[in-house]
2 protein chains.
Amino acid sequence: MTYTHAMETRNTLKIDTDQDIASQLRKVGITPTQQRVQIAEILFARPQHMSADQVLALVNRDGPTASKATIYNTLGLFARKGLVREVIVDPSKVFYDSNTTIHHHFFNVDTGELTDIPADDLILNNMPELPPGTESAGIDVIFRIRSRDARH
Amino acid sequence: MTYTHAMETRNTLKIDTDQDIASQLRKVGITPTQQRVQIAEILFARPQHMSADQVLALVNRDGPTASKATIYNTLGLFARKGLVREVIVDPSKVFYDSNTTIHHHFFNVDTGELTDIPADDLILNNMPELPPGTESAGIDVIFRIRSRDARH
DNA sequence: CAAATTTCTAGACTTGGTCGAAACTGATGA
DNA sequence: TCATCAGTTTCGACCAAGTCTAGAAATTTG
């Protein structure tokens, strides 16, 4: 027998989904390993912003399948390949956003909650010229909000 | 003799400036200690964004005058009192901006350089409604840029 | 099966915060 | 002006979390 225990207990539905994801990864030049597929599955299953910590916890919920190092390596790889967008709103944590279309964010500084703003709700006019010798690497617009009942 | 060595070697020009700063601090309800005055002096002397690390290095350039803990406490205090603005663009570091007027930023992801964009260069239209029960705590607009010659 | 790539474990590093003890501040009274 | 004293601030040495590294082991591809 050449299959691993993890494969043995995997149901057919899951295999289909995983193979889907695997081919998506191959398309952008990423070798689809078991860990990468699982991480991608978690990131793209829900329309939610997740930290490395949260991904780690979900991946290993039913027994350990990926190490901390792999999570960080993989999230960084996905970001470089454009599969996810890094959102930097909290100095102590990077969020990974599986929505790579143009959009902006609310960040609740009391709760740490991060939510999307559809791009067409906000219009930027009179954009500044970039400094000479530079090119754009993205625009972040963050509305920091506070829960109104919170002590200031 | 009641004066300290630090006072002894201070020139009159500096005393005037320091007393200026001290009264500014008092105005916003901050007790002007020697360390706080020095930190304020460094922050407001140059139109530049500085990290806690950089402030620490400058404060102690000519002999130790403030500890790491004091730098962090003081920068946090200044931010809470509205004397400086925290700028979060790099997950590993907070920048402190002595310019508290409304304005935005270029952040060069290659060099780590942070520069200002005057507010009126950019106009935000069709602003989204805040989620119910929340109030604004500021809007951050960051143009991430790359040096054009850098390997991507 | 062999070569190349990926993952793992363990630990290091940085930023930022905590704690009790020591030092300073500024108000008061002589 | 000077000493005193309560309250505040600072210090120094740790601690915690997030992230990254290195080399060895495992997996994937062909």
Side-chain angles (χ1 to χ4, degrees), chain A residues 1-7 18-19 21-23 25-26 28-40 49-57 59-60 63-81 86-96 109 112, chain B residues 1-7 18-19 21-23 25-26 28-40 49-57 59-60 63-81 84 86-96 112:
Chain A
M1 57 175 84
T2 59
Y3 51 72
T4 65
H5 180 65
M7 287 172 71
D18 284 358
Q19 290 181 343
I21 292 177
S23 79
L25 292 183
R26 254 185 266 269
V28 296
I30 295 175
T31 305
T33 65
Q34 214 174 97
Q35 286 87 343
R36 288 170 177 175
V37 169
Q38 278 187 42
I39 292 169
H49 313 85
M50 307 184 71
S51 64
D53 238 34
Q54 292 177 295
V55 174
L56 178 63
V59 167
N60 295 331
T65 44
S67 70
K68 208 171 42 152
T70 299
I71 301 292
Y72 281 103
N73 287 341
T74 302
L75 290 174
L77 176 68
F78 283 6
R80 275 197 309 282
K81 295 292 188 177
E86 291 181 329
V87 182
I88 296 164
V89 288
D90 183 322
S92 70
K93 207 176 291 185
V94 178
F95 283 98
Y96 293 88
V109 296
Chain B
M1 54 175 87
T2 59
Y3 51 71
T4 66
H5 180 65
M7 287 171 71
D18 284 0
Q19 290 181 343
I21 292 177
S23 78
L25 292 182
R26 254 185 266 269
V28 296
I30 295 176
T31 305
T33 65
Q34 216 173 94
Q35 286 87 342
R36 287 171 178 174
V37 169
Q38 277 187 40
I39 292 169
H49 312 86
M50 308 185 71
S51 66
D53 238 33
Q54 292 176 295
V55 174
L56 179 62
V59 166
N60 295 332
T65 44
S67 68
K68 201 175 50 151
T70 299
I71 302 293
Y72 281 105
N73 287 340
T74 302
L75 290 174
L77 177 67
F78 284 5
R80 275 198 308 284
K81 295 292 188 177
V84 297
E86 291 181 329
V87 182
I88 297 165
V89 287
D90 182 323
S92 71
K93 206 175 292 183
V94 178
F95 284 98
Y96 293 89

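All values derive from a computational prediction rather than experimental measurement.
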> If the test is side-chain contact (heavy atoms from CB on, under 4.5 Å), which one of A:N60, A:L56, A:D53 qualifies with A:K68?
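Looking at A:N60, A:L56, A:D53, the match for A:K68 under the side-chain contact (heavy atoms from CB on, under 4.5 Å) is A:L56.
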> Choosing from C:dT6, C:dG16, C:dG26, which nucleotide comes nearest the side chain of A:T33?
C:dT6
> Rounding to an integer number of Å, can you tell me how far A:Q35 CD sits from D:dA25 P?
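Rounding to the nearest Å, CD of A:Q35 and P of D:dA25 are 18 Å apart.
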> Rounded to whole angstroms, how far apart are CZ on A:R80 and P on D:dC20?
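Value for this atom pair: 10 Å.
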> Specify the separation, in whole Å, of atom CD1 of A:I30 and atom P of D:dT29.
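Distance check: A:I30 CD1 to D:dT29 P gives 14 Å.
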> Are OP1 or OP2 of C:dT6 and a side-chain N or O of A:T31 less than 4.0 angstrom apart?
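For A:T31, the contact criterion (side-chain N or O under 4.0 Å from OP1 or OP2 of C:dT6) is met.
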> Given atom CD of B:Q54 and atom P of C:dG16, what is their separation to the nearest angstrom?
11 Å
> If you look at every strand shown and take non-hydrogen atoms under 4.0 Å, does A:S67 touch a base, only sugar-phosphate, or nothing?
base
> Do B:T65 and B:Q38 meet the criterion of a side-chain donor-acceptor pair at a distance under 3.5 Å?
yes
> Can you tell me how far CD1 of B:I88 sits from CD1 of A:I88, rounded to the nearest 0.5 angstrom?
10.0 Å
> D:dT10, D:dT29, C:dT7: which one has an atom nearest the side-chain heavy atoms of A:R26?
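Among D:dT10, D:dT29, C:dT7, the one nearest the side chain of A:R26 is D:dT29.
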> Report the distance from atom OH of B:Y96 to atom P of C:dT15, rounded to the nearest whole Å.
12 Å
> Between the base of C:dG16 and the side chain of B:K68, is one N or O donor paired with an acceptor at under 3.5 angstrom?
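Counting by modelled atom types and ignoring angles, a donor-acceptor contact under 3.5 Å is found here.
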> So B:V28 and B:F78, do their side chains get closer than 4.5 Å, heavy atoms only?
no
> Among residues 69-78 of chain A, which residues get a heavy atom nearer than 4.0 Å to DNA chain C?
A:A69, A:T70
> Whole-Å distance between C:dT5 P and A:Q34 CD?
20 Å
> Rounding to a whole Å, what distance do you find between B:D90:CG and D:dT19:C1'?
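Nearest whole value for this atom pair: 12 Å.
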> To the nearest angstrom, how far is B:K93 atom NZ from D:dC20 atom P?
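B:K93 atom NZ is separated from D:dC20 atom P by 14 Å.
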> Angle between the end axes of the helix from C:dC1-D:dG30 to C:dA30-D:dT1, five pairs per end, to the nearest 10 degrees?
30°
